[in-house]
Amino acid sequence: QVQLVESGGGLVQAGGSLRLSCVASGRTYAMGWFRQAPGKEREFVAVTVWSSGYTNYGGSVKGRFTISGDNDKNTVYLQMNDLQSEDTALYYCAGQRHSGTFYQYWGQGTQVTVSS
């Protein structure tokens, strides 16, 4: 059982940047980020696979967000640049214990609010 804890959320102005962090209590195959805004479904943001370095991004954040991490520390980051009001959401860290698309581990979320 792996526990995930996110941090780094806050209030920023449109065009600004923010870096989220997520620390896992144990090893994972991959770690990623999702977000959910009020009245909307949960949306995939980014993922990284530790063994291969593979990364993937949701279409709405490509070119603006970058996922990175330190596998030795079981920590993943999400660098968010050129933030827009549409990026306002609760951001969740998630982990996979093996290859696939199903995320077994979820954090409690960190709020990102973008003002304009």
Side-chain angles (χ1 to χ4, degrees):
Q1 193 78 19
V2 174
Q3 307 297 129
L4 306 178
V5 180
E6 308 99 329
S7 63
L11 175 64
V12 298
Q13 292 184 305
S17 298
L18 202 62
R19 193 188 197 197
L20 306 183
S21 300
C22 176
V23 180
S25 65
R27 289 291 184 181
T28 57
Y29 168 77
M31 292 179 66
W33 294 91
F34 290 76
R35 67 186 184 185
Q36 188 166 24
K40 300 184 68 176
E41 294 184 6
R42 184 168 294 183
E43 176 188 17
F44 168 74
V45 175
V47 65
T48 185
V49 177
W50 296 118
S51 61
S52 66
Y54 167 86
T55 59
N56 193 29
Y57 298 89
S60 63
V61 306
K62 287 180 179 178
R64 298 188 298 121
F65 291 10
T66 302
I67 189 169
S68 62
D70 185 341
N71 196 26
D72 290 337
K73 299 183 183 298
N74 298 321
T75 301
V76 68
Y77 306 98
L78 184 68
Q79 179 66 47
M80 305 182 292
N81 297 325
D82 192 26
L83 285 162
Q84 306 297 311
S85 60
E86 294 79 15
D87 297 315
T88 295
L90 187 65
Y91 283 70
Y92 295 93
C93 180
Q96 300 178 13
R97 64 177 173 228
H98 49 66
S99 179
T101 59
F102 184 70
Y103 291 81
Q104 292 85 12
Y105 314 118
W106 292 87
Q108 294 300 305
T110 184
Q111 179 67 39
V112 172
T113 302
V114 183
S115 63
S116 62

Answer yes if [X] and [Y] sit in the same cluster of Ile, Leu, Val, Met, Phe, Trp and Tyr residues linked by side chain heavy atoms under 4.5 Å apart, and no otherwise.
| X | Y | value |
| --- | --- | --- |
| L18 | I67 | yes |
| Y105 | V76 | yes |
| V114 | L20 | yes |
| Y103 | Y54 | yes |

Is the shortest heavy-atom distance from the side chain of W106 to the side chain of L4 under 4.5 Å?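 No, too far: nothing below the 4.5 Å cut-off.
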Kindly indicate whether the side chain of V2, heavy atoms from C-beta on, has any atom under 4.5 Å from the side chain of R97.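 Heavy-atom side-chain distance check fails, nothing below 4.5 Å.
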Determine the minimum heavy-atom distance between [X] and [Y], stating which atoms define it.
| X | Y | result |
| --- | --- | --- |
| Y57 | A46 | CD2-CB, 3.6 Å |
| G69 | Y77 | CA-CD1, 4.0 Å |
| T75 | W50 | O-CH2, 3.3 Å |
| N74 | R27 | OD1-CD, 3.4 Å |

Between OG1 on residue T88 and CD on residue Q111, distance to nearest 0.5 Å: 7.5 Å
For C93, is there any backbone N or O sitting under 3.5 Å from a side-chain donor or acceptor partner on E6? yes
Measure from the side-chain N and O atoms of Q84 to the backbone N and O of D82, and report whether any donor-acceptor pair falls under 3.5 Å.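 At least one qualifying donor-acceptor pair exists.
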F102: which residues meet the side-chain contact (heavy atoms from CB on, under 4.5 Å) condition with it, sequence neighbours left out? Q104
Please list every donor-acceptor pair under 3.5 Å in which a side-chain atom of residues 31-45 meets a protein atom from a residue at least two apart or in another chain.
residue, atom, partner, partner atom, Å
R35, NE, E43, OE1, 2.9
R35, NH1, D87, OD1, 2.9
R35, NH1, Y91, OH, 2.9
R35, NH2, E43, OE1, 3.3
R35, NH2, S60, OG, 3.1
Q36, NE2, K40, O, 3.1
E43, OE2, S60, OG, 2.8

